[in-house]
Amino acid sequence: MTGSRYRDTGSSLISFVVTGILAVMLVEALARQGITPVFRWIPENPLVFSLNTLLALAIISFTLAVIGRWRPGLVVGFLIILLLGMVNTLKISILRVPFFAWDLPYLWQLCALGHSVVSGWITVVLMVGTITLAAFLSYRLKRNVRPCRFRTRLTALLFAAAVIGAFFWGPTTPTHSLAVNNIIWDQTENYRTNGFLLAFSMNVSPVLIRQPEEYDRGLVDRLLSHNEDMAEQAGISGRPVSLIIFMSESFSDLVAVHSQMPDDNTSPIENLQRISADYPSFRLVSPTFAGNTSLMEFEVLTGLFNAFLPEGGIPFDHYLNRKTPSLAWVLKHCGYRTVAVHPFHDWFWNRKAVYPNLGFSEYLSIDSFPGEATKGMYISDEALVDKIIETVEYTHGPYLIHAVSMQNHGPYLAGRYGNDGVNVQNNLPDWLRHELGTYLTGLRDADRQLARLIDYLSRRDEPVICLFFGDHQPSFSLAFYKACGILSEDMASEMLLFEVPGLLWANQDNILDAADIPECFSPAYLPTVVLHQMGIPLPSYMFYLQQGLTDYPVVHRGFVQDSQGRLIRLDDCRRDPFLKGLEILNFDVLFGSRFSCDPVAPVIPEQI
């Protein structure tokens, strides 16, 4: 009897594991349009395949514990995984992007759309598979429907809870411990490399947003009650002012690495330095270091702070799935043409979906640039400025152009620019000297194109502001920054890793007023600063930011800087009334009922 029980247990465990493996393989076969790519993927990625199987087994364990019968539990768990895989396949077929955790509220809409847009082999596979599975189950489930023992159900439930807890609520997730890379900037590649269940799970935790206990309309109204006192006439009167935002990839004056700059007398950013002598310049404390450009875009365009979002959260991927108040929406409602320009693939950082939700009517991606416009590895800054000028030329009326460059993106490989590279003569290791030379070449080119753009705009009749800044420090190795002495424990050194230069320029003398612009501040304050300079009324929640420009000009995930220039850990002052209010408004705009957003968009009467 005991031997028979062990054999039954062993057989059950084998069927349990095999069901999980088959579920993962079938889901991946659907996503990859065949079983052959799955057989290539498994040996190339045995670790991620094992983690996908572990997640599948956790789902099946949970259904076993709930249903309490072995074979029905296996089958229902298998079908749940298959359903998720089908939805993933449908979404890829419809929208060319995978199924994410934040799509769950729209699951039934996707399923409803599926029958009308999915055709060919996918329909055949789903129909044949479903019919075959239904026939198999109708036969097999008639046989063994004995209930599981309580101990078995409890074990299954504990296993499911342990796996799910480790992946979603543990202090260190398995993916982090095993150094599995969440390819957040390209979710299609993320799912292809890491598999559906694992990639899906890695994108769950940033979506788990808790509503602040004190959040309600009354609190938001009290936070904004001081707006009436601040609602003064801003900027200039007369014709509307157009705006060009030029965010330059990895543009830095290298304050953090000045000791490694070239020895010659030619500065790679001589034009920025020359222009900054006559126009308002400042330093921005980027929310990101050496990558994740979209985090900087998010703050600049929305006036919201990454500091109050879950660590690892990527707003462009995780949160901006509905129309979101932004600088672009304000200007669009005022009659501006709103254009986003980025010379890279439109799927990168999910920009194709995000830009319309941020109020951009047009998006010019890499498809809008000729193939010969590259320099080094990417579309050149010269081609980007050409596109900006072309857009201005064909625009009648005021415009917002949000341009993000690509040329100086890493890696900074030796010889990337051929004979046109900057020579670094410092006493550095060869690999580092060549890497720095490549970076400085791109920096020099960006600086030259800034000067060319400003020279063109200076000859335009319409009033126009150009906002120029870098998105983050360049992606040199941490060993390089450590050698420069800026990876020490103090917050001042830490802040250097995030500082980038910024500049406001205008083609008419009566536009800019730099009196209220701090020397150093967070990019989330830029919409408030720019709209003030343009003479456009601020949305309600942006009025609140005006106080922050004085009280807490820098609000970063790791630290804040107060009006006295003191650096304080954010966690040590989160209960400060202003910062707590800022967090509440962040939640209200992104996830809440938007009590702080104006029911009617601001307009400029008799100007447009």
Side-chain angles (χ1 to χ4, degrees), residues 243-253 255-256 272 276 280-309 313-316 319-320 324-328 330-331 340 342 349 354 358 400 402-405 465-474 494-505 514 516-534 538-539 541-542 544-561 570 579 582-583 585-586 589-590:
L243 174 64
I244 293 176
I245 301 174
F246 192 163
M247 190 168 82
S248 186
E249 172 63 41
S250 299
F251 194 98
S252 170
D253 49 10
V255 166
L272 176 72
S276 296
S281 61
F282 42 83
R283 305 195 64 74
L284 297 175
V285 180
S286 174
T288 182
F289 167 71
N292 292 342
T293 296
S294 70
L295 297 183
M296 185 67 152
E297 283 189 87
F298 167 71
E299 291 206 1
V300 169
L301 293 173
T302 65
L304 302 173
F305 291 81
N306 285 278
F308 300 116
L309 298 176
I314 304 294
F316 274 35
Y319 312 129
L320 301 183
T324 302
S326 70
L327 176 63
V330 172
L331 296 181
H342 178 51
W349 288 127
V354 167
L358 288 176
L400 162 65
H402 169 63
V404 182
S405 75
I465 289 175
C466 180
L467 168 63
F468 177 87
F469 54 91
D471 57 350
H472 51 67
Q473 291 278 2
E494 181 182 350
M495 193 166 82
L496 282 176
L497 285 175
F498 298 96
E499 286 189 25
V500 290
L503 168 74
L504 266 179
W505 176 92
D516 297 329
I517 302 178
E519 294 181 4
C520 183
F521 58 97
S522 289
Y525 290 115
L526 277 172
T528 298
V529 170
V530 170
L531 289 174
H532 176 87
Q533 302 293 325
M534 297 171 71
L538 300 177
Y541 79 93
M542 288 188 185
Y544 189 83
L545 297 182
Q546 285 192 329
Q547 179 184 342
L549 274 173
T550 301
D551 295 351
Y552 288 99
V554 174
V555 180
H556 191 272
R557 182 179 301 280
F559 51 83
V560 300
Q561 187 177 58
L570 176 60
L579 294 176
L582 202 59
E583 185 173 6
L585 294 179
N586 238 53
V589 174
L590 269 186

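- Looking at heavy atoms from C-beta onward, Ser286 lies out of side-chain contact with Glu499 at the 4.5 angstrom threshold.
- Two rings, from Phe251 and Phe468, have their centers less than 6.0 Å apart.
- The main-chain N or O of Leu320 is never found under 3.5 Å from a side-chain atom of Thr324 such that the two would form a donor-acceptor pair.
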I'd like to know whether Val554 forms a side-chain contact (heavy atoms from CB on, under 4.5 Å) with Val560, so could you lay out the CA-CA distance, the side-chain angles of the two residues, the decisive distance to 0.1 Å, and finally the verdict.
CA-CA 5 Å; Val554 174; Val560 300; 5.9 Å; no

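- Note that CG of Leu284 and CD of Glu299 are 9.5 Å apart. Values are rounded to the nearest 0.5 Å.
- To the nearest 0.5 angstrom, Leu309 atom CG is 9.5 Å from Glu583 atom CD.
- With hydrogens and angles left out, the side-chain atoms of Glu249 and Ser405 include no donor and acceptor closer than 3.5 Å.
- If you check the side chains of His402 and Glu297, you find a donor sitting under 3.5 Å from an acceptor.
- Proximity of Pro527 to Thr302: side-chain heavy atoms (C-beta onward) are nowhere separated by under 4.5 Å.
- Met296 places a side-chain heavy atom less than 4.5 Å from the side chain of Met247.
- The backbone N or O of Leu496 lies less than 3.5 Å from a partner atom in the side chain of Gln473, making a donor-acceptor pair.
- A distance-only check finds no donor-acceptor pair linking the side chain of Ser248 to the backbone of Phe469 [under 3.5 Å].
- Side-chain atoms of Asn586 do not come within 3.5 Å of backbone N or O of Phe308 as any donor-acceptor pair.
- For the pair Leu243 and Gln533, the minimum side-chain heavy-atom distance is 4.5 Å or more.
- Looking at Gln561 and Tyr552, their side chains never come closer than 4.5 Å, going by heavy atoms from C-beta outward.
- The side-chain contact (heavy atoms from CB on, under 4.5 Å) test with Val529 is passed by exactly one of Leu504, Leu545, Leu467: Leu504.
- For the side-chain contact (heavy atoms from CB on, under 4.5 Å) with Pro315, the qualifying choice from Leu301, Asn306, Val354, Leu304 is Asn306, the only one to do so.
- Taking the side chain as every heavy atom from C-beta outward, Pro553 and Cys520 never approach each other to under 4.5 Å.
- Residues Pro287 and Pro523 approach most closely at CD-CG, 3.9 Å, considering heavy atoms.
- Distance check: Thr293 OG1 to Asp471 CG gives 4.0 Å after rounding to the nearest 0.5 Å.
- Atom CG of residue Leu570 and atom CG of residue Leu579 lie 6.5 Å apart, to the nearest 0.5 angstrom.
- Screening Tyr541, Tyr525, Phe521, Phe298 for a ring pair (Phe, Tyr, Trp, His ring centres under 6.0 Å) with Phe305, the sole residue that qualifies is Tyr525.
- Ring to ring, His472 and Phe498 are not that close: their centroids are 6.0 angstrom or more apart.
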Full working for side-chain contact (heavy atoms from CB on, under 4.5 Å) between Val285 and Phe559
CA-CA 11 Å; Val285 180; Phe559 51 83; 4.2 Å; yes

side-chain contact (heavy atoms from CB on, under 4.5 Å) evaluation trace for Ile245 with Leu400:
CA-CA 8 Å; Ile245 301 174; Leu400 162 65; 4.0 Å; yes

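- Interatomic distance, Trp349 CH2 to Ser294 OG, rounded to the nearest 0.5 Å: 4.5 Å.
- To the nearest 0.5 angstrom, Leu503 atom CG is 6.5 Å from Ser281 atom OG.
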